[in-house]
Structures are given as C-alpha cells and as structure tokens.
Student: 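Have a look at the structure that comes next, please.
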Amino acid sequence: MENQEKVIQIAGSITVDELAEALGLSVTTLIGELFKEGIVATINQRLDFDTASIIIDELGIKNVRLMRKNTSTQTQDVRRELSDKAVSRPPVVAVMGHVDHGKTTLLDTLLHKKTVEDEAGGITQHISAYQLEHDGRKITFLDTPGHEAFAAIRQHGAMLTDIVVIVVAADDGVKPQTVEAIKFAQSANAKIIVAINKIDREGADIPRTMADLAQNGLQPEEWGGDVTMVPISAKQGDNLDKLLDMILLTADLEELKADVNIPAEGLVIESHMEVGKGSVVNLLVTGGELKVGEFIVAGNSYAKVRTMLDFRGKPKGKAGPSTPVTITGFKELPNFGDQFIEVPDEKTARKQALLNAQGIADASASANVTSSDLLRMMNVADNSKMFNVIIKGDVLGSVTSVVDSLKMIDTKGEVTLNIVATGVGDVTENDVYMAVGDNTVIYGFNVNVPTNIAKMAARDGVSVRNYKVIYELLDDAKHSMEELLDAEVVEEEVGEMKIKGVFRTERTAIIAGGEILRGRVGAGALGKVYRDKKELGEVEVESVQKEKIDAKELVEGETGGIAFKTEKKLVMEVGDRVKFFTREMKKKTL
C-alpha cells in the first residue's frame, strides 16, 4: 500500500492549507519548504494547478498525481451531439498559410471585394468571417492572420472549422507558417485542401511544391495520397471554381449537419468597442437560429441582441448554423473564443453570466500565485531583469495576440516579461498612472493616443509606443529587452606562439622570442601564458620585431621578438606557449 498513487483534484486553485492537508504535511512544514524555494506564502494563499505541480516536483514528493477538476460552465469542444432532426449546413472553411502566399488575395477575388485595404502593411491582422454562394450553396470562410505571432488566433480558427484551405505559393514552397497551419488543421481534425497559388508567377514549380508538402505529411491524391491539391492563381482567378467545387465535394463527404430547433449557440470570433455603438461582437453561429431581440450569454458577459448585420454590413433578422454575424448589445466585451448560448430571458442571462464569472475566477483569477509568478520568484537570485508593459489593443483578439507573441520572445531567462495590465481601447490617464515609477512601457496596437494623454505621459516620463503592424511592436519590445541585458565579455583567439628564448624579465615587462604556430599577433593583442596545460597569467603585446626590425605583426610560420607588458611579475621559460586573443564588451542580443 505504501506505493499506491494518491490523486489530488484541483478545481482551478487550492490554498496552501488545503495542499498541505492533501499532501499529509503540516502547514508550517509546507510554508517552510516554500520559503527555502524563495517563495513567501501565507496559509490562505491560493495556488493554481501548475504552481501546485511545480511545488510537488520541487519538494520531491512521490506517488502524488494532480488532476484538474472541471468546474467550468463552458465546453471546450463546440461540436455537440446531433439529433435525428439535424439539417445540412454550409461548411466553415479556414484559409491558412504563410505570410504573402496570397490568402487574402484569394478571398478578395472570391468575394469581389477588398478585405485588406485597412490592414496595416497589407497583412491580415484580425480574424474575419465571410460567406459566399457557389452553385446555389453557401460557404463560410474564416480569414485567419498569417504571421506566427497570431498562433493563438489561428489555433482558435482551426478549432472552429470543418475544412482548412492551406495556401502555398508555387514559387516559394513550404514555409514555417505552412507547417504550423498543417499541424493546427490536423490537431483540429479538419479536412485539408491545398491551394497551390501563384502558378502564373515565373519560377512557379508545382511538382516541387507538391514534393515539399508530401515531405510534411500531406500526400497529394495524384501520388496515391488523400489530400486534394488545386493549382490556382488568386490574382488572375484561375481554377477558383474548381477550388470551390472541391470544398463542396469535401463538405458532402463529411455530411456536415446542425440542429436548428435548439437554442442558438456558437462562438465569439472578435469583439471591440465602437463609439456610438458600444460593444461590437462578431459571432459564428454553430447551432440553432440567432434572432434580433434574443438574449445570449458568452463567458461572464451577456447581451440582448440589439442589431445584427451580415459580413457585408447589411441588416439580418436571423442567422442559422455556419453563419457569421456582427451584433451589438453585450454589456461587457466577451473574450475571443468564448462559446455563446441563447437563454430565455435577461434574468437567466444575468445569472448564467455570474456563474460563468465565478467559474473563471475559480479557474484562474482567484489563484493569486500563478506558475509564471512562481518561476519568477524561484529565479530571483539569477539577477534577471524585469520588462514591464501595459498592452492596449483595438480588439480583444489583437490584445491576446500581442500578449502571446511577447511571451514567445526567448530571453533565455535573463529578462522577465511582466504584463502589468491589458485592455481594449485608446490609451487613458489610468494607463499612464499605472506606468509611472517602474519603467513600464505602454504599447498601443491599432489604438489612438489622445494629445492630452501623450503630453501627460511625456511629463511623467512614461514611454507610450503605438504601432499598427505587429512585427514592428515585437521588434521594439525585443530591442527594449536587449537593452536590459548586461554586456558580456567576448574573447576571440587570434593566434598562438611557442617561446624559444627569453631575453629579459622585469617586474612588469618581458622580452621574448619565438615562432607563431597559427594565426597572427600584433601590438595591442592580449595573451595567456601556458606551461603544459597550466595557465600562468596574462600579458599584453607592446611591440613586435621581425629580424630585429619593428614590425606591424607576425604571422603563422614566422619567428620574431615580442615585448610583453604584465600587471604582475611573470616568469616565462623556453617551451611555454602564449595564446593570443582579443577581448571586448559586447551587448547581448536575444
């Protein structure tokens, strides 16, 4: 019985007191052990699941397994069990691929409208949903951002979808984000269709592109595999009808269905605030029919649907499965990826939103020591630097992406990223107040910095940096974190000499002769003197002579004399070796 495993279930978080009891330790013993690890904890302090796991590992406690006790009111998999009354629904298609491989151009051409004009740098920065008709049938498209910085959004995008169209440029082949898109599609169990784009370009090589894809696990049907690959030109419009035919054929094989006679449900795919409208939220209906005037709950927020528009901005009275809509009426902004569900009335909506809020708090917010906090506390002794930031974005999806992208910057443990606060909307007085005093940088992404706020920030010495392109924001953050790094001493070996004669030895000077075994040596070079493998000390080259005439340097194979400077007396002997090097202080980079 001694080796029997003990399972501790944690519903979001656990107090130090509860964990001690579960582990069979006294509270004082556990607090003492935490203190040894550099963590100052109180008896009622709450620890999240990951923190508790780290503590158990650090304490070396065996035969204990933690299990997450699910108290969330939201389901992770949005695909529900269908009834026998389920009807056919349009396929939801995510378009993914590498930056500049033509995803948005493809959608532009398909929809006969520009969708990228407002996007900074010509790169899709928000997830967006569109719907078109082909052969009298509807297809819903999700345009997901392509930069690796938007991995979080793209992963959610894949989870919403039935079919993933991976766009690969025929003149560029498989790239890192192509591989990432393949993995996401596979993890979401979505069917994959490859659109080999830019076949009109010089240098387009379809067979090579197909071979690249095959090496990454996508075997073309032409080669005996199961992945449909359609050569297209998004710009010229070539083969786009064939691509849509293949999407509908794949949808038919999947027999995509949804229930209509149920309360409306679906997912939040974007949310932001607009002057005069309040919260504006993009939803994808996955079941039931959503109508204007109905009450819905998403996360810890609820809404009475005040207005509903289709993707072109035209009013819509109701929306069925696989339909993207934009609504107003939410009391607070729901989170990107939240599931929404229709409820009968406002009282039920309010009650459900409160229950959801409690579940979210149990799962994360109430745990006032998180695993990242814990790791930071455990590393206090390593002189790590702190980079404090406040993130303001135009929509929640942007804020999520910026935060996730900043966390992806590898600082090798030398700089700790501390996100002080995040929020949607323009930079405010409160943001500046929060940033004063601890070198906090305020990053704005696609927001405004009012003139009075900019003046206030300048007066208080707060740096406000506003960007419209995420690459530039990340580059700035990386540079700022590099500035916090201490310079490092870099030594580079430049040559080696064997001593063949010692002519004079003084307290801080030596004159000796020898042969350069490799490299070169000139005035100003530093050297380490070795006898066998033992290092005797350091010297500096004051001057060099070749055939008793002053020279600029000696190179491999030459013999000559060298005047050395030393800080303390050092005795050289015939047979010693001097390894020459340069030494400089270099700013570390990430």
Student: Rounded to the nearest 0.5 Å, how far does CG of Leu417 lie from OG of Ser480?
Tutor: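 Separation between the atoms: 11.0 Å.
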Student: So, do Asn388 and Val441 sit near enough that their side-chain heavy atoms are less than 4.5 Å apart?
Tutor: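 Asn388 vs Val441: side chains apart.
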Student: Evaluate the salt bridge (charged side-chain N to carboxylate O under 4.0 Å, His left out) criterion for residues Asp171 and Lys198: first the C-alpha distance (whole Å), next the side-chain angles of each, then the deciding distance (0.1 Å), finally the verdict.
Tutor: CA-CA 7 Å; Asp171 61 341; Lys198 304 188 181 183; 5.2 Å; no
Student: How far does CG of Leu142 sit from CG of Leu284, to the nearest 0.5 angstrom?
Tutor: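 Between atom CG of Leu142 and atom CG of Leu284 there are 6.0 Å.
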Student: Looking only at the side chains, is there a donor atom on one of Thr348 and Arg350 sitting less than 3.5 Å from an acceptor on the other?
Tutor: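 There is no such pair (donor and acceptor under 3.5 Å, judged by atom type) between the side chains of Thr348 and Arg350.
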Student: Is there a side-chain contact (heavy atoms from CB on, under 4.5 Å) between Leu110 and Phe141 once you walk through the steps?
Tutor: CA-CA 10 Å; Leu110 286 172; Phe141 282 94; 4.0 Å; yes
Student: Look up atom CD1 in Ile166 and atom CD1 in Ile196, then write down how far apart they are to the nearest 0.5 Å.
Tutor: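 Answer for the CD1-CD1 pair, Ile166 versus Ile196, is 11.5 Å.
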Student: I'd like to know if the side chain of Asp310 and the backbone of Arg312 have a donor-acceptor N/O pair within less than 3.5 Å.
Tutor: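 Answer holds: yes.
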Student: State, yes or no, whether a side-chain contact exists between Leu309 and Lys316 at a heavy-atom distance under 4.5 Å.
Tutor: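 Counting from C-beta outward, Leu309 and Lys316 never come under 4.5 Å.
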Student: Examine distances only and state if a side-chain atom of Ser405 and a backbone atom of Ser401 form a donor-acceptor pair shorter than 3.5 Å.
Tutor: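 At least one qualifying donor-acceptor pair exists.
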Student: For the backbone of Val167 and the side chain of Asn197, can you confirm whether one donor and one acceptor N or O come within less than 3.5 Å of each other?
Tutor: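 Looks like no, no N/O pair under 3.5 Å.
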Student: Mark yes or no for whether Ser301, through its side chain, and Ala298, through its backbone, hold a donor-acceptor pair below 3.5 Å.
Tutor: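 Looks like no, no N/O pair under 3.5 Å.
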Student: Would you indicate whether the side-chain heavy atoms of Val93 and Thr161 approach each other to under 4.5 Å?
Tutor: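 No, too far: nothing below the 4.5 Å cut-off.
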Student: Are any of the side-chain heavy atoms of Gln186 and Val164 separated by less than 4.5 Å?
Tutor: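 With C-beta onward as the side chain, the pair stays apart.
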Student: If we ignore hydrogens and angles and just use 3.5 Å, is the side chain of Glu265 paired with the main-chain N or O of Ile341 as donor and acceptor?
Tutor: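 Checking the backbone N and O of Ile341 against the side chain of Glu265, no donor-acceptor pair under 3.5 Å is found.
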Student: Under a plain distance cut-off of 3.5 Å, with no hydrogens placed, do His272 and Glu274 share a side-chain donor-acceptor pair?
Tutor: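 A donor-acceptor contact under 3.5 Å links the two side chains.
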Student: Are the side chains of Leu106 and Ile232 in touch, meaning some heavy atoms are under 4.5 Å apart?
Tutor: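 Result yes, sub-4.5 Å side-chain heavy-atom pair found.
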Student: Quick one: do Arg89 and Asp162 make a salt bridge, cutoff under 4.0 Å?
Tutor: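 Judged by the 4.0 Å cut-off on N to carboxylate O distance, Arg89 and Asp162 do form a salt bridge.
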Student: So for atom CG, which belongs to Asn439, do other residues, nucleotides or ligands contribute more than 12 heavy atoms lying within a distance under 6.0 Å?
Tutor: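 Check fails, neighbour count at 12 or below.
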Student: Would you say the side-chain atoms of Thr140 and Ser322 include a donor-acceptor pair closer than 3.5 Å?
Tutor: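 Distance-only check fails for Thr140 and Ser322.
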Student: Which atom names give the shortest non-hydrogen contact between Ser271 and Pro334, and what distance separates them?
Tutor: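 Reported closest heavy-atom pair: OG-O, 3.0 Å.
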Student: Might you work through the side-chain contact (heavy atoms from CB on, under 4.5 Å) test for Thr326 and Val281, ending with a clear yes or no?
Tutor: CA-CA 6 Å; Thr326 302; Val281 179; over 6 Å; no
Student: Restricting to non-hydrogen atoms, name the atom on Val464 and the atom on Ala457 that form the minimum distance, rounded to 0.1 Å.
Tutor: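 In terms of heavy atoms, the two residues are closest at CG2-CB, 3.7 Å.
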Student: Count the heavy atoms belonging to other residues, nucleotides or ligands that lie under 6.0 Å from NZ of Lys277, then report whether that count exceeds 12.
Tutor: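 It does not: Lys277 NZ has 12 such atoms or fewer within range.
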Student: Is any NZ, NE, NH1 or NH2 atom of the basic residue among Asp476 and Arg465 found under 4.0 Å from an Asp or Glu carboxylate oxygen of the other?
Tutor: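 Salt bridge present between Asp476 and Arg465.
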Student: Does Asp172 form a side-chain hydrogen bond (donor to acceptor under 3.5 Å, both in side chains) with His101? I'd like the steps, not just the answer.
Tutor: CA-CA 8 Å; Asp172 203 18; His101 277 201; 2.9 Å; yes
Student: Quick one: pull up CG in Asp394 and NZ in Lys468 and give me the separation to the nearest 0.5 Å.
Tutor: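 Here the rounded value is 8.5 Å.
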Student: If only side-chain N and O atoms count, and only distance matters, is there a donor-acceptor pair under 3.5 Å linking Asp108 with Thr105?
Tutor: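 Not at all, the side chains of Thr105 and Asp108 share no donor-acceptor pair under 3.5 Å.
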Student: Does Glu482 pair with Lys478 as a salt bridge, N-O distance under 4.0 Å?
Tutor: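 Salt bridge absent between Glu482 and Lys478.
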Student: Nearest 0.5 angstrom please: Lys291 NZ to Met308 CE, how far?
Tutor: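 Interatomic distance, Lys291 NZ to Met308 CE, rounded to 0.5 Å: 9.0 Å.
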Student: For Val179 and Lys183, run side-chain contact (heavy atoms from CB on, under 4.5 Å): C-alpha distance rounded to whole Å, both residues' side-chain angles, the deciding distance at 0.1 Å, then the answer.
Tutor: CA-CA 6 Å; Val179 175; Lys183 287 178 183 172; 3.9 Å; yes
Student: Might you work through the side-chain contact (heavy atoms from CB on, under 4.5 Å) test for Met434 and Thr440, ending with a clear yes or no?
Tutor: CA-CA 8 Å; Met434 277 196 290; Thr440 297; over 6 Å; no
Student: Check whether Gln236 reaches the backbone of Ser233 with its side chain - one donor and one acceptor, N or O, closer than 3.5 Å.
Tutor: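 Pair absent, no side-chain N/O of Gln236 close to backbone of Ser233.
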Student: Which atom names give the shortest non-hydrogen contact between Val462 and Ala435, and what distance separates them?
Tutor: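 The answer is CG1-CB, 3.6 Å.
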Student: Ile470 and Phe445: which non-hydrogen atoms are nearest, and at how many Å?
Tutor: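 Here Ile470 and Phe445 meet closest at N-CE1, 3.6 Å.
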Student: As a quick check of understanding, evaluate side-chain hydrogen bond (donor to acceptor under 3.5 Å, both in side chains) for Asp431 and Thr428, giving each step before the final call.
Tutor: CA-CA 5 Å; Asp431 297 325; Thr428 64; 3.1 Å; yes
Student: Should Tyr443 and Val402 count as side-chain neighbours, where that means a heavy-atom distance under 4.5 Å?
Tutor: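 The answer is no, as the side chains (C-beta and beyond) never meet within the 4.5 Å cut-off.
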Student: Side-chain contact, heavy-atom cut-off 4.5 Å: Gln131 with Phe311?
Tutor: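 Touching, per the 4.5 Å side-chain cut-off.
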Student: Checking side-chain polar atoms at under 3.5 Å, does Asp212 have a donor or acceptor matched by the opposite partner on Thr209?
Tutor: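 No, Thr209 and Asp212 have no side-chain donor paired with an acceptor closer than 3.5 Å.
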Student: Please determine whether a side-chain nitrogen of the Lys or Arg among Asp426 and Lys392 lies less than 4.0 Å from a carboxylate oxygen of the Asp or Glu.
Tutor: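 Here Asp426 does not pair with Lys392 in a salt bridge, since their nearest N and O are not under 4.0 Å apart.
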Student: Using every non-hydrogen atom in the two residues, find where Asn418 and Met386 come nearest and quote the distance to one decimal.
Tutor: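 Scanning both residues completely, I find the closest heavy atoms to be CB-SD, 3.5 Å.
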Student: Step by step, would you call Tyr302 with Glu346 a side-chain hydrogen bond (donor to acceptor under 3.5 Å, both in side chains)?
Tutor: CA-CA 8 Å; Tyr302 72 94; Glu346 186 167 10; 3.3 Å; yes
Student: Of the non-hydrogen atoms in Pro91 and Ile247, which two are nearest, and what is the gap between them?
Tutor: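 The answer is CG-CG2, 4.2 Å.
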Student: Are Asn466 and Val447 side-chain neighbours, meaning at least one heavy-atom pair lies under 4.5 Å?
Tutor: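 Side chain of Asn466 against side chain of Val447, heavy atoms only: contact under 4.5 Å found.
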Student: To the closest 0.5 Å, what do you measure between CG (Leu132) and CD1 (Ile139)?
Tutor: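 Between Leu132 CG and Ile139 CD1, I get 5.5 Å after rounding to 0.5 Å.
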